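These notes concern the structure reproduced below.
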Amino acid sequence: MKTYLILFGPPGVGKGTQGQILSKDLGIPFISSGDALREEINKKSDIAEKMCSFMNNGELVPDIVVEEFISKMLDQYPLDKGFVFDGFPRTIHQAEFLDSYLGRINVNLDAVISLLLPKEEIVKRISGRRTCERCKAVYNIYFNSFEDDAKCKKCGGNLVQREDDKEEVVIRRVEVYEEKTEPLIAYYKNKGLLIEVDALGTVEDVAKRIKEVLSDRA
Ligand code: AP5
């Protein structure tokens, strides 16, 4: 079955974690704008330098830059089975851009899953996040059993904190989310696509809830 999904919610709510699970379960591509932008930054291109300063300060990369970037990415993916998006769209402008891109390839979104979590839990998830430098696997020092000098369980790489997970940057990311991204809730509610899911609990609990809401909708 074809499934076209967006995972939506504030920084650190668990979009990436659940996106990977959905991608595996449904056999559809997982497309994370944040991961893709970080990968581009590692290439150290001219555009990467500009993106990096927005990201490290907790600001959104300008719409025009992200839209061009995402459009090139989408052109390369086989979208015939579906996709799960994480981190895109993040503004009304980006949502309209996505609508028009999908319109051109005759694809309709099935659902926008909005993950809900109290602020204290968001702070804990972000401050505890560690990412493998090499394979980008994501861990959490509060929720996974963890030694101080732990290495990645998948590839043995070093685990590091993301530059934009520092406290002052996280505060700005949450402000930017409330200002620029939250309006998308009404945008997708009006289209009848928004499904709210409680993101409190273990990764498995949340994955189960998402599976249930998707099967209710099918
Ligand atoms: P991006 O990478 O998209 O960051 P984000 O939206 O702020 O989201 P996060 O990656 O912080 O969190 P997440 O919800 O994916 O949570 P995760 O699963 O990792 O964007 C970064 C920057 O890029 C932006 O600030 C912006 O500058 C730029 N950018 C990206 N897209 C853009 C766009 N479209 N337009 C403009 N600019 C853009 O989980 C967090 C932690 O919690 C992990 O440690 C995880 O292990 C843990 N965890 C997850 N679920 C659970 C659970 N159920 N229980 C316990 N722990 C859990």
Side-chain angles (χ1 to χ4, degrees), residues 6-23 30-41 47-48 50-71 73-74 84-95 97-98 113-118 120-132 136-146 150 152-153 159-166 169-182 184 197-210:
I6 291 175
L7 277 173
F8 182 87
V13 74
K15 303 180 293 297
T17 304
Q18 295 301 328
Q20 299 275 10
I21 294 174
L22 279 167
S23 160
F30 169 65
I31 305 174
S32 157
S33 54
D35 287 350
L37 292 170
R38 280 184 287 278
E39 235 171 72
E40 186 66 22
I41 285 172
I47 188 151
K50 278 191 208 144
M51 287 175 176
C52 189
S53 83
F54 286 109
M55 290 172 76
N56 288 349
N57 289 310
E59 302 295 335
L60 293 185
V61 176
D63 286 340
I64 187 109
V65 178
V66 174
E67 287 164 10
E68 194 187 330
F69 187 74
I70 291 289
S71 151
M73 261 178 81
L74 288 178
V84 53
F85 255 121
D86 157 24
F88 187 88
R90 254 178 157 100
T91 62
I92 298 284
H93 196 278
Q94 292 180 16
F97 165 85
L98 184 64
I113 297 163
S114 172
L115 297 176
L116 309 174
L117 197 65
E120 320 81 73
E121 184 70 14
I122 287 179
V123 171
K124 199 170 176 191
R125 286 192 189 175
I126 294 189
S127 61
R129 173 167 47 199
R130 298 293 180 272
T131 307
C132 173
K136 309 302 171 202
V138 174
Y139 299 88
N140 197 290
I141 57 170
Y142 301 119
F143 303 107
N144 305 118
S145 53
F146 221 80
C152 176
K153 289 182 187 136
L159 301 182
V160 293
Q161 188 167 36
R162 251 168 60 177
E163 199 57 36
D164 63 345
D165 279 352
K166 293 183 177 142
V169 184
V170 172
I171 291 169
R172 181 61 194 146
R173 281 166 60 200
V174 173
E175 282 170 359
V176 169
Y177 168 78
E178 289 170 349
E179 210 178 286
K180 299 191 171 156
T181 307
E182 251 177 9
L184 286 174
V197 172
D198 178 7
L200 204 56
T202 64
V203 170
E204 294 73 22
D205 291 338
V206 182
K208 190 162 167 253
R209 273 177 221 139
I210 294 176

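What's counted below: heavy atoms across the whole structure, side chains too, no hydrogens, waters or symmetry copies. Whatever order the structure lists them in is the order used to number ligands and atoms, beginning at 1. Keep in mind that what you see is a predicted model, and the values were worked out from it rather than measured. In what follows, residues are counted from 1 in the order of the sequence shown.
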Pairs of nitrogen or oxygen atoms closer than 3.5 Å, one from [X] and one from ligand 1: do any exist?
{"X": "Gly87", "answer": "yes"}
{"X": "Asn140", "answer": "yes"}
{"X": "Phe88", "answer": "no"}
{"X": "Ala199", "answer": "no"}
{"X": "Gln18", "answer": "no"}
{"X": "Gly16", "answer": "yes"}

### Note, Arg90 side chain near Ser33 side chain (heavy atom, < 4.5 Å)
yes

### Query
Under a 4.5 Å cut-off applied to non-hydrogen side-chain atoms, are Val65 and Phe54 in contact?
no

Among all protein heavy atoms, pick the one closest to [atom] and tell me residue, atom and distance.
{"atom": "atom 43 (C) of ligand 1", "result": "Val138 CG1, 3.5 Å"}
{"atom": "atom 12 (O) of ligand 1", "result": "Gly12 N, 2.9 Å"}
{"atom": "atom 18 (O) of ligand 1", "result": "Thr17 OG1, 2.6 Å"}
{"atom": "atom 50 (N) of ligand 1", "result": "Arg125 NH1, 3.6 Å"}
{"atom": "atom 8 (O) of ligand 1", "result": "Lys15 NZ, 3.2 Å"}
{"atom": "atom 53 (N) of ligand 1", "result": "Gly201 O, 2.9 Å"}

I'd like the name of whichever of [options] reaches closest to [atom] through any heavy atom.
{"atom": "atom 24 (C) of ligand 1", "options": "Arg173, Arg129, Arg90", "result": "Arg90"}
{"atom": "atom 23 (O) of ligand 1", "options": "Gln94, Lys124, Glu204, Met55", "result": "Met55"}
{"atom": "atom 55 (C) of ligand 1", "options": "Tyr142, Tyr177, Phe8, Phe143", "result": "Phe143"}

Could you tell me if any non-hydrogen atom of [X] lies under 4.0 Å from any atom of ligand 1?
{"X": "Gly58", "answer": "no"}
{"X": "Arg38", "answer": "yes"}
{"X": "Gly128", "answer": "no"}

### Summary
By ring pair (Phe, Tyr, Trp, His ring centres under 6.0 Å), Phe85 pairs with (sequence neighbours left out) Phe83, Phe88

### Task
Please report the closest heavy-atom contact between Val170 and Asp164, naming both atoms and the distance.
CG2-O, 3.7 Å

### Query
If you look at every heavy atom in Phe8 and Lys15, which pair is closest and at what distance?
C-CD, 3.9 Å

### Query
Is the closest basic N to carboxylate O distance between Lys208 and Glu204 below 4.0 Å?
no

